[in-house]
Amino acid sequence: MRKTLNISFIYFILAMAGGVFYREITKIMGFTGRTVLADVHVHLLMLGMMLFLVLSLFCKTMELAEEPKFKKFLILYNVGLPLMVIMLIVRGVTQVLELEVSAAGNGMISGFAGIAHIVLLIAFIFLFGALKKVAVEQR
């Protein structure tokens with residue numbers, strides 16, 4: 001439970017930093033359009049902080065933290081989510097700075113974001129497997 005609470009707190013801090021970064025860079029650059037930088041704050045709050053707060057409750061009431069599939073989930077998820085957020089930041093900064101991105105650069109950003117989403121998908125499969133196993137053992 002302590003580990004999931006600590007992870008939740010780290011994502012909270014990152015979410016707040018992401019929100020401040022979005023606000024400040026758009027203000028400094030005089031950018032008024034839509035940018036994916038706005039999504040960084042929300043993604044880190046919901047997919048980071050809130051998810052791990054809820055999982056902390058499961059860890060307290062069940063033996064979830066000891067499940068091997070949950071440990072795999074933790075590793076994959078904490079690789080996939082930061083990678084996805086980094087790609088949001090890269091895409092958002094190019095939008096705010098109005099940088100011209102080549103087709104290859106655009107493809108790389110999208111490709112890494114896609115890989116991050118696939119890693120998150122696999123992580124969630126491990127999470128649901130762990131939750132199911134622990135729930136069956138609780139009966």
Side-chain angles (χ1 to χ4, degrees):
M1 179 177 155
R2 178 180 286 171
K3 181 185 252 182
T4 53
L5 281 174
N6 288 338
I7 293 170
S8 178
F9 184 69
I10 290 167
Y11 280 122
F12 167 74
I13 297 298
L14 292 173
M16 295 301 109
V20 169
F21 178 72
Y22 159 69
R23 183 174 157 261
E24 292 303 315
I25 194 169
T26 54
K27 185 170 62 171
I28 290 168
M29 298 306 295
F31 187 83
T32 58
R34 173 79 175 113
T35 174
V36 296
L37 274 180
D39 299 337
V40 170
H41 175 70
V42 177
H43 275 74
L44 285 169
L45 275 179
M46 297 310 296
L47 294 175
M49 184 195 78
M50 290 303 294
L51 175 71
F52 282 100
L53 277 178
V54 171
L55 288 176
S56 295
L57 297 174
F58 281 102
C59 288
K60 183 173 176 69
T61 60
M62 300 175 157
E63 298 297 321
L64 184 61
E66 304 307 317
E67 175 59 37
K69 288 180 184 175
F70 183 73
K71 292 176 181 179
K72 290 177 184 175
F73 157 77
L74 278 177
I75 293 167
L76 285 172
Y77 196 81
N78 288 307
V79 168
L81 184 58
L83 178 59
M84 184 178 67
V85 168
I86 289 168
M87 290 300 103
L88 283 171
I89 292 169
V90 169
R91 175 73 72 196
V93 168
T94 60
Q95 291 170 337
V96 171
L97 299 179
E98 297 176 350
L99 298 175
E100 191 68 33
V101 180
S102 68
N106 188 43
M108 286 178 63
I109 295 170
S110 296
F112 279 115
I115 290 169
H117 280 83
I118 292 168
V119 171
L120 290 177
L121 167 72
I122 296 166
F124 274 119
I125 291 169
F126 279 120
L127 174 62
F128 284 112
L131 286 169
K132 185 174 179 181
K133 186 172 181 194
V134 171
V136 168
E137 291 173 356
Q138 286 275 299
R139 288 188 190 186

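The figures here come from the full heavy-atom set of this structure, side chains too, leaving out hydrogens, waters and symmetry mates.
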**Study point:** Verify same cluster id: L81, L121 (apolar side-chain graph, 4.5 Å)
**Key:** no
Point to revise | Separation of L57 CG from T4 OG1 (nearest 0.5 Å) | key: 8.5 Å
Practice item. Could you walk me through whether K133 and V136 pass side chain to side chain contact (heavy atoms under 4.5 Å, CB included), step by step? Key: CA-CA 5 Å; K133 186 172 181 194; V136 168; 6.0 Å; no
Practice item. Kindly work out whether a path of hydrophobic side-chain contacts (I/L/V/M/F/W/Y, heavy atoms less than 4.5 Å apart) joins I75 to L14. Key: no
Check your understanding: When rounded to the nearest 0.5 angstrom, what distance separates CE in M87 from NE2 in H117?
Key -> 12.0 Å
Review point. Can you tell me how far OG1 of T94 sits from CD of E100, rounded to the nearest 0.5 angstrom?
Key: 10.0 Å
**Study point:** R34: partners by salt bridge (charged side-chain N to carboxylate O under 4.0 Å, His left out), with sequence neighbours left out
**Key:** D39
Practice item. Output the distance between atom CD (E24) and atom NZ (K27), rounded to the nearest 0.5 Å. Key: 4.0 Å
Exercise for review: Look at atom CZ of F31 and say whether more than 12 heavy atoms of other residues, nucleotides or ligands are closer to it than 6.0 Å.
Suggested key: yes
**Study point:** Cluster link I125 to L51, ILVMFWY, side chain under 4.5 Å
**Key:** no
Check your understanding: When clusters are formed by joining ILVMFWY residues with side-chain heavy atoms under 4.5 Å apart, either directly or through shared neighbours, do F52 and V79 land in the same one?
Key -> no
Exercise for review: Just say parallel, tilted or perpendicular for the rings of F124 and F73, cut-offs at 30° and 60°.
Suggested key: tilted
Review point. Between atom NZ of K71 and atom CD of E66, what is the distance when rounded to the nearest 0.5 Å?
Key: 5.5 Å
Check your understanding: Of L47, I89, V40, which is the lone residue that meets side-chain contact (heavy atoms from CB on, under 4.5 Å) with M84?
Key -> L47
Check your understanding: So if you build clusters from Ile, Leu, Val, Met, Phe, Trp, Tyr with side-chain heavy-atom gaps below 4.5 Å, do M46 and V20 land together?
Key -> no
Check your understanding: Between S110 (side chain) and G107 (backbone), is there a donor-acceptor pair under 3.5 Å?
Key -> no
Review point. Could you give the distance from NZ (K69) to NZ (K132), rounded to the nearest 0.5 Å?
Key: 9.0 Å
